[in-house]
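Note that the numbering runs from 1 along the sequence shown for the chain. Computed over heavy atoms, backbone and side chain alike; hydrogens, waters and symmetry mates excluded.
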Amino acid sequence: MTQAYGDFYVVSGAFDAAALDQQLAGMSIRFDPSKTSRRFSLLDCHDQSLRTSGVLLFEMTGSLRLVSADGQVQTQRTKGKGLFAQDLPKGPIRTALRGFPPLRALMQTGAGTCEERVFAVLDDLQKTQVRGRALILSAGDGQVSLVWVQRLRGYDRAFDAVCAAMGQLGSGGGLGAVFDGLSPHAQPYQAKPDIDLDRAEPSIQVATDIIRTYLAVARQNEAGVIADIDTEFLHDYRVALRRIRSVLSLFKGVFSDTDTAELKQVFSDLMAPTGRLRDLDVYLLEKDMYFSLIPENLHVGLRAMFDRFEAERKQQLARLTRKLRSKAYHASMTELNARFKPPGHIQPGANADRPAFDYACALIWKRYRKVCKLARSIDEETPDQIVHDLRIDCKKLRYLMEFFAPLFDDTDFKTIIKPLKKLQDNLGRFNDCSVQQDSLLAFVKDQSTAQDQVSAHLGLAAGGLVAVLDQRQRAERGRVIANFQHFDSPKIRTLVRRMFHQSKE
């Protein structure tokens, strides 16, 4: 159900009728004596997609309410916590959330009590001229009021006066003020935070800032991994650690060889327990797609396969959860964080003091040339491993460009990144097809009996999937070649040379 209660205002703190009275000459406010007070939970995903899009979703007494920036309220009798938007029952909330990230679950981002009040604005003859409604949300020490003012026919002047007064009382921050008021110390999560860089900044400082930033990102995802809210927590945790490993690998000579080797091993060890769990997550997320790839008469084997994937996932998650909860893990992460806080405890290398801009140009230009040389050699007969190598080199180039992006013109950067990203998407799908084929074959082998036999249904299903994935991989190879030509266009070559090669001369 969608409702429009009237003109909408957000007020920091409780709705102060006395303050409004003072601004309304000849009028006064009277609240209906009845009032309700109920518990509410603010809902959003870890990325706070609803907050950034300017809407408010909360759950209260078995119902969801979605408040838009203009004050429209949509209500649906259902629960939302722990669900994905696409899994909500059909209704106005599900429709309104159709753009919500499909891999993100709705989770509680705040909670408190909601007091709902109805009021009227009266003239000096005690005649109602304006009606209104207020939701007073309280959480901890924070309080915010959502106020709707309703026009009554024939009393436009009174309505305008009340709206002018409410404009003076309103926070001016829209629905963002609700989050700020109820959770004043909460920092919005960013998977790729902005990092301030200066062109003359020493490269060791750049590397240290990036590593420290992504260590914090990884840690922000630990609780979500443990609670198993959605699979994106583990994905973001792994990406944050992968970015750190890329810094250690790509920023050659910034740290000492000894520290670089040690840190590479530390972060490799952190990543190791997450790999199989992530692979299983990908399989389970694409379960419906797998069933659509092979004939229905092979589905019985596929169901058996996914039953085993789900059982293994529980084991892998339990193992990782124990690690993330351990005192040893927390001590290790605390120590790592301290090493990258000033004054740092990392020994500098030969390139430590090299200015960031000069160093960035050298690194990006070198990696770009390597990507182009390798990509130009690929054809229909090139071994898969060479294509995999290109994927890794493209990822390293992308990381470098994103790390140093603040030092360069944003428009030029986006012009280069767009075709690079498209090429990466092709390479990623190519790699996924290859990895999934190998993984399926390994899975069948692992499930074999001592006589090297496996369930006929399971073996047939896996074989059918491998055949389809092989066809997809071949098609993706052709797209890799075609999309590299876009990335290797004269326009992009000229732009890259101007930005990263001539700039440092």
Q) By ring pair (Phe, Tyr, Trp, His ring centres under 6.0 Å), which residues pair with H46, not counting sequence neighbours? A) Y189, F233
Q | N431 side chain to S434 side chain, donor-acceptor N/O pair below 3.5 angstrom | A | no
Q) When you check the gap from the basic side-chain N to the acidic O, do E115 and R38 get nearer than 4.0 Å? A) no
Q: Using salt bridge (charged side-chain N to carboxylate O under 4.0 Å, His left out) as the criterion, list what pairs up with R313, not counting sequence neighbours.
A: D228, D281
Q. Is a side-chain N or O of N483 found less than 3.5 angstrom from the main chain of K422, in a donor-acceptor match?
A. no
Q | Heavy-atom closest contact (P202 atom, D353 atom, distance) | A | CB-CA, 4.2 Å
**Q.** Minimum heavy-atom distance L64-L57, with the two atoms named
**A.** CB-CD1, 4.2 Å
Q: Apply side-chain contact (heavy atoms from CB on, under 4.5 Å) to H501 and V496, showing your working.
A: CA-CA 7 Å; H501 185 50; V496 171; over 6 Å; no
Q | R242: salt bridge (charged side-chain N to carboxylate O under 4.0 Å, His left out) partners, not counting sequence neighbours | A | none
Q.
Quick one, R339 with E262, criterion salt bridge (charged side-chain N to carboxylate O under 4.0 Å, His left out). Give me CA distance, side-chain angles, the key distance, then yes/no.
A. CA-CA 13 Å; R339 290 184 72 174; E262 179 202 347; 3.0 Å; yes
Q: Given side-chain contact (heavy atoms from CB on, under 4.5 Å), test V73 with L66 step by step and report yes or no.
A: CA-CA 6 Å; V73 181; L66 184 73; over 6 Å; no
Q: To the nearest 0.5 angstrom, please state how far the CD1 atom of I416 sits from the OG1 atom of T411.
A: 11.5 Å
Q. Counting only heavy atoms not in D269, do more than 12 fall under 6.0 Å of its CG?
A. yes
Q. Salt bridge (Lys or Arg N to Asp or Glu O under 4.0 Å): which pairs involve residues 244-257, sequence neighbours left out?
A. none
Q. Roughly how far, to the nearest 0.5 Å, is CG of L106 from CG of L97?
A. 6.5 Å
Q) Hey, does the side chain of R477 reach the backbone of T382 with a donor-acceptor pair shorter than 3.5 angstrom? A) yes
**Q.** Non-hydrogen atoms of A240 and A218 that approach each other most closely
**A.** CB-N, 3.8 Å
Q: Kindly write out the residues that satisfy salt bridge (charged side-chain N to carboxylate O under 4.0 Å, His left out) with R278, not counting sequence neighbours, or none if the list is empty.
A: none
Q) Within the side chain of R493, is there an N or O that forms a donor-acceptor pair under 3.5 Å with the backbone of D488? A) yes
(Q) I'd like to know if the side chain of E201 and the backbone of D198 have a donor-acceptor N/O pair within less than 3.5 Å. (A) yes
Q: Look up atom CG in N221 and atom CZ in R238, then write down how far apart they are to the nearest 0.5 Å.
A: 12.5 Å
Q) If you look at every heavy atom in I93 and Q74, which pair is closest and at what distance? A) CD1-O, 3.3 Å
Q) In terms of ring plane angle, is the pair F357 and F408 parallel, tilted or perpendicular, where the classes change at 30° and 60°? A) tilted
Q) So, the side chain of S268 versus the backbone of K264: is there a donor-acceptor pair under 3.5 Å, distance only? A) no
Q) Which value, rounded to the nearest 0.5 Å, describes the distance between I378 atom CD1 and E380 atom CD? A) 11.0 Å
Q: Step by step, work out the side-chain contact (heavy atoms from CB on, under 4.5 Å) result for F251 and S246.
A: CA-CA 8 Å; F251 285 44; S246 293; over 6 Å; no
Q: Kindly give the heavy-atom pair with the smallest separation between A207 and V247, and that separation in Å.
A: CB-CG1, 3.9 Å
Q. Are any of the side-chain nitrogens in E476 or R472 under 4.0 Å away from the carboxylate oxygens of its partner?
A. no
Q | Side-chain (D259) to main-chain (Q347) donor-acceptor, under 3.5 angstrom | A | yes
(Q) I'd like to check the ring pair (Phe, Tyr, Trp, His ring centres under 6.0 Å) partners of Y214; sequence neighbours left out, ordered by chain and number. (A) none
Q: Hey, could you give me each pair passing ring pair (Phe, Tyr, Trp, His ring centres under 6.0 Å) that has a residue in residues 371-397? Not counting sequence neighbours.
A: H388-F430
Q) So, does S439 use its side chain to make a donor-acceptor pair with the main chain of Q436 at under 3.5 Å? A) no
Q) Can you list the residues that meet the salt bridge (charged side-chain N to carboxylate O under 4.0 Å, His left out) rule with R322, with sequence neighbours excluded? A) none
Q | R369, CZ atom: more than 12 neighbouring heavy atoms under 6.0 Å | A | no
(Q) Is it the case that atom CZ in R429 sees more than 12 heavy atoms from other parts of the structure closer than 6.0 Å? (A) yes
Q) Got more than 12 heavy atoms from elsewhere within 6.0 Å of CG, D288? A) no
(Q) For S49, is there any backbone N or O sitting under 3.5 Å from a side-chain donor or acceptor partner on D47? (A) no
Q: State, with a plain yes or no, whether a side-chain heavy atom of L284 is found less than 4.5 Å away from one of E310.
A: yes
(Q) Taking D87 first and then R94, would you say they form a salt bridge - that is, a charged N and a carboxylate O separated by under 4.0 Å? (A) no
Q: Would you check if the distance from the ring center of F100 to the ring center of F84 is below 6.0 Å?
A: no
Q) Nearest 0.5 Å, what's the CD-CG distance between E286 and D432? A) 7.0 Å
Q: Evaluate the criterion salt bridge (charged side-chain N to carboxylate O under 4.0 Å, His left out) for residue pair E402 and R398; output intermediate values, then yes/no.
A: CA-CA 6 Å; E402 290 179 346; R398 172 94 173 269; 2.8 Å; yes
Q. In chain order, what residues pass the ring pair (Phe, Tyr, Trp, His ring centres under 6.0 Å) check against Y329, with sequence neighbours excluded?
A. none
Q.
Could you check whether D44 pairs with R104 (Lys NZ or Arg NE/NH1/NH2 to Asp/Glu carboxylate O, under 4.0 Å)?
A. no
Q. Who passes ring pair (Phe, Tyr, Trp, His ring centres under 6.0 Å) against F8, sequence neighbours left out?
A. W148
(Q) Test: salt bridge (Lys or Arg N to Asp or Glu O under 4.0 Å). Region: residues 174-190. Which pairs qualify, not counting sequence neighbours? (A) R51-D180
Q. Considering all heavy atoms of both residues, which atom of S138 and which atom of Q143 are nearest to each other, and what is their separation?
A. OG-NE2, 2.8 Å
Q. Hey, is CZ on R376 packed in by over 12 heavy atoms from elsewhere, all under 6.0 Å?
A. yes
Q | Heavy-atom donor-acceptor pair, N351 side chain to R354 backbone, under 3.5 Å | A | no
Q. Is the gap between the ring centers of Y359 and F403 under 6.0 Å?
A. no
**Q.** Point-to-point distance, once rounded to the nearest 0.5 Å, from CZ of R367 to SG of C394
**A.** 10.0 Å
(Q) Check this for me: does any side-chain nitrogen of one of E59 and K81 sit under 4.0 Å from a carboxylate oxygen of the other? (A) no
(Q) If we ignore hydrogens and angles and just use 3.5 Å, is the side chain of Q86 paired with the main-chain N or O of P102 as donor and acceptor? (A) yes
Q. What residue pairs, at least two apart or across chains, pass ring pair (Phe, Tyr, Trp, His ring centres under 6.0 Å) with a residue in residues 254-284?
A. Y283-Y290, Y283-F309
